[in-house]
K.L.:
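Quick one: structure below, then a few questions.
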Amino acid sequence: MRDQALPRSGFDAPGVSPLAGARIARFVRRFSRNRLAMVGLVIIAIFLIMAIFAPWLAPYDPIAQDLPAQLQPPSAAHWLGTDDFGRDILSRIIVGSRVSLLVGVLATSIGATCGTCIGLAAGFYRRLDNLLMRIMDILLAFPSVVLAIAVIAVLGPSLFNVMIAVGINSIPTYARLVRSTTLSIKEKEFVEATRALGSGDSRILFRHILPNCLNPIVVYSTLQLGTSILSASILSFLGLGIQPPNPEWGQMVNAGRGWLRDAPHIATFPGLAIFLVVMGFNLLGDGLRDVLDPRTSRA
Amino acid sequence: MTADHRQQPLKESDRTWVIPVTRRDLLRYGGKLGLMATMLSAAGVTFACGGGDEGSDAPQGTATSAASGGGETPAAGTPGAAAVTAEPGGEATPGGTLTIVRATDPLNLHPGMNSGLADIATNFLIYDALVIHGFDGKIYPALAESWESSDDGTVWTFHLRQDVRFHSGEPFTSAHVVDHFQRWKEMPTSAKIALLDSVEAPDDYTVVFTLKSPTLVFLNNISQTEWAYGSIPNMKKVEELGDDYGVVGVDGTGPFKLEEWVKDDHITLVRNEDYTWGSPIYSNTGPAYPERIIFKVVPEEASRSALIETGEANMNIEVAARDVQRLSDIPGVTVASFPRLSSNHIGFNMQRELFQDINVRKAIMHGINREEITQFVMHGQADPAEGYLHPEVVGAAPREQTRPLVEYNPDKAVQLLEESGWTLGPDGIRVKDGKPLSFTLYLTTELNEQINQAVQAQLREIGIDMQVRRLEAAGYDDATKAGEHDARFIPMIYSSADHMYFFITDSIPSPNTTFWSDPKFDELFEKSQTTTDEDERIKTFQEMELYLLEQAVVIPIQHLKWIFAWDDKTKGTTFHNIHGIYKLMDTWVEQ
């Protein structure tokens with residue numbers, strides 16, 4: 001009861017109140033006016049559909065080899081050609097999109113969850129602030145790929161370990177982002193009021209402060225999705241990710257690299273897929289920021 | 001250096017054959033068997049060289065036990081030998097830098113410590129041995145001027161040159177030889193000198209070896225064959241550096257000194273100006289021509305080829321099969337490929353429960369289509385294996401006997417698996433007692449990964465799940481010695497059947513990374529080393545090969561070729577049929 005009188009974030013579930021519904025409508029209207037963001041959204045939607053329906057969309061078995069059909073350029077039978085083992089590149093890209101998107105989403109989730117918790121704790125409890133943020137500074141000091149390689153060297157090369165390695169990389173940025181927002185929100189009067197009404201720390205943190213941090217988290221996560229996919233591809237390119245013969249874009253670029261002079265399509269198409277999906281997430285992220293960030297929004 | 005050492009007339013006796021291989025020749029014959037067939041039929045010879053990153057070691061054929069006095073001792077176990085040289089192209093001039101690219105870096109330059117090909121190739125240049133394996137397959141004097149053996153073939157006396165000095169200036173004496181052989185007995189490759197009972201030095205320039213029993217291969221075992229284990233280091237330096245010798249510093253008597261070693265990047269060797277004890281197998285016996293040799297480590301095939309194209313490297317000693325055609329089209333670049341005595345193969349870790357079942361091993365043997373891999377992955381730059389040993393090796397069993405043991409026959413493979421109770425699971429992988437038929441293959445290098453991705457797909461068709469794990473050379477070495485692998489893949493390079501000591505009990509855990517211990521095989525190997533009858537020895541090797549295949553401990557895939565590419569500034573190189581670039585004594589770089 002007592003919460004309803006207090007200011008809330010703009011991210012309440014739709015339909016809760018006419019006010020929230022109006023906010024969402026305004027968000028959609030403004031977002032749809034941003035053409036580049038819409039392009040990003042369409043690209044991501046296409047890749048998502050591709051990943052979800054991969055087994056039905058792929059024209060060939062992505063790991064079935066047909067050596068006599070190796071190194072074929074794009075043709076009617078193989079739209080994007082075949083690789084050095086005669087495997088259909090289109091099918092490998094389609095099935096590989098599952099891995100790339102999954103790594104992107106899970107790695108970002110790992111980073112966002114851990115980083116947000118650390119940021120909340122650091123911003124809310126001054127005693128922990130120095131300790132936690134110095135640890136984050138240490139993490140930030142490592143070049144991201146080097147840190148990821150070190151993590152994989154310890155854990156061993158596998159898909160799940162790639163997610164962890166990539167996720168760890170983004171923890172410090174989330175922590176800083178959330179900490180700074182927490183620091184400003186916790187001094188707001190409504191927080192004081194909630195505390196005066198007898199709310200405990202966890203209620204204040206998760207019911208009042210966290211919702212107010214969501215805007216920057218969502219914007220950063222969208223941008224981070226692209227970065228995660230790129231990092232995962234880099235690790236696979238280096239042979240540290242998913243192991244052959246399972247298709248993954250970064251690994252496909254690596255395998256095609258030796259053929260760059262004679263059959264450039266092998267490395268080009270998966271490279272293009274990485275480029276497109278990363279660009280899609282970046283455009284989407286930029287658009288979201290324009291709409292959600294009060295400083296850039298025109299309203 | 002003085003001019004006296006430079007251009008000595010080429011001694012035809014040292015080189016049975018000299019042939020310039022031009023771009024046009026290669027276009028005409030290369031890539032197919034044409035080049036090989038032409039050469040073989042013309043001179044009855046074979047070419048083979050070591051290369052790659054991992055491999056074998058082998059004593060060199062056989063020598064008669066009655067050899068005496070500094071003469072040339074034929075190495076009967078070696079197939080007819082020959083040399084291939086780059087176009088001589090005028091007067092050799094000293095100076096300049098020869099840059100050679102290869103895939104891997106050595107691990108340890110202490111002769112005898114390991115069997116990596118990069119280590120050996122480097123040791124050829126830094127060290128000399130008592131005797132050397134010539135281009136014609138015979139044994140020639142090197143640090144030993146002459147030698148004789150007792151009538152019963154168990155005592156061998158070597159008389160050393162008295163003008164030899166190590167790079168540090170330390171005089172070379174018999175004490176260094178004795179010290180090296182005593183240390184070698186404790187080293188991983190000691191199986192090669194298992195028959196050595198004692199080694200003594202009656203005076204500074206005489207060394208006496210006493211063997212437990214006579215052997216036909218003693219001279220080869222201690223010569224500078226492809227593994228250079230018999231190379232003699234300075235014992236004082238070895239003593240001083242202890243376990244760091246070969247990593248932190250080295251001291252040898254060879255034509256090049258180690259100047260700089262940046263791990264996994266490059267090794268720079270600088271010419272030994274005092275070198276006057278060059279082997280008579282080269283026309284140049286004085287200091288070598290190039291002032292510096294730089295071995296660059298470039299693991300990526302495409303980059304290695306690119307460095308030749310851009311002129312940043314003079315020679316690529318590990319050309320990728322897929323680059324042969326394109327490189328040979330480039331003006332000024334020469335590409336040559338030769339069959340080499342090699343057996344790249346999968347070896348099982350016999351301690352694994354899965355591989356205790358001989359039917360599983362045999363199914364894998366029959367489940368691999370070697371023709372297809374050779375044609376499409378190797379682009380014709382290899383020969384599909386029909387047995388374990390290269391057919392040109394003395395001691396190889398007749399192919400009609402080995403072929404049925406190795407042939408591609410997926411139906412038979414499936415039948416063998418069914419017999420053992422491996423039934424097809426829902427995902428296409430066979431299962432028995434709830435366990436999937438799955439194992440992980442450890443390997444190194446891009447090429448080996450490509451070969452085994454094809455194997456992986458072929459085995460999947462008969463319901464076997466083979467995972468491939470590619471490691472760096474050092475990591476691979478550690479992991480396989482520790483037995484972490486289910487199976488491992490190596491491109492075994494050798495010059496004679498003696499290298500099958502890789503599979504005897506005494507070689508566990510290294511170099512016998514199959515951990516196979518079989519009394520019958522051990523017994524056969526011992527017989528091959530101790531018999532004094534050449535026919536008996538050959539027969540024993542044939543039995544060993546057949547037994548190895550019957551037991552399906554190793555799965556041969558193909559016999560590789562060594563492919564070299566060099567630019568038009570590099571002249572006079574003589575490639576040894578087995579040892580590749582070898583000592584580079586006649587090579588010079590046009591300024």
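So you know, we letter chains A, B, ... as the sequences are listed, proteins then strands, and number each from 1.
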K.L.:
What are the two closest non-hydrogen atoms of A:P247 and A:V99, and how far apart are they?
P.N.:
O-CG2, 3.8 Å
K.L.:
If you compare all heavy atoms of B:A479 against all heavy atoms of B:L471, which two are closest, and at what distance to 0.1 Å?
P.N.:
CB-CD2, 4.5 Å
K.L.:
Do you know which two heavy atoms are closest between A:G256 and A:I266, and how far apart they sit?
P.N.:
CA-CG2, 3.4 Å
K.L.:
Establish, yes or no, whether a centroid distance under 6.0 Å links the rings of B:F439 and B:F355.
P.N.:
yes
K.L.:
Given the rule in the side-chain contact (heavy atoms from CB on, under 4.5 Å) test, do A:I274 and A:V253 qualify, once you have shown the distances and angles that lead to the verdict?
P.N.:
CA-CA 10 Å; A:I274 297 173; A:V253 173; 4.2 Å; yes
K.L.:
Can you pull out all donor-acceptor pairs below 3.5 Å that join chain A and chain B?
P.N.:
from, atom 1, to, atom 2, distance (Å)
A:Q65, NE2, B:Q453, O, 2.8
A:Q70, NE2, B:F376, O, 2.9
A:P244, O, B:Q456, NE2, 3.3
A:R257, NH1, B:E300, OE1, 3.2
A:R257, NH1, B:E300, OE2, 3.1
A:R261, NH1, B:E309, OE1, 3.1
A:R261, NH1, B:E309, OE2, 3.4
A:R261, NH2, B:E309, OE1, 3.0

K.L.:
Where do A:L140 and A:R176 land on the side-chain contact (heavy atoms from CB on, under 4.5 Å) test, with the steps shown first?
P.N.:
CA-CA 11 Å; A:L140 268 183; A:R176 293 184 137 202; 3.7 Å; yes
K.L.:
Applying a heavy-atom distance below 4.5 Å, give me the residues of residues 219-228 of chain A that approach chain B, sorted by number.
P.N.:
none
K.L.:
Any chance you could lay out the side-chain contact (heavy atoms from CB on, under 4.5 Å) test for A:I168 and A:I110, step after step, and finish with the verdict?
P.N.:
CA-CA 7 Å; A:I168 287 177; A:I110 291 171; 5.6 Å; no
K.L.:
For the residue pair A:P270 and A:I93, what are the closest heavy atoms and their distance?
P.N.:
N-CD1, 3.6 Å
K.L.:
At their closest point, which heavy atom of A:S100 faces which heavy atom of A:I229, and how far apart are they?
P.N.:
O-CG1, 3.4 Å
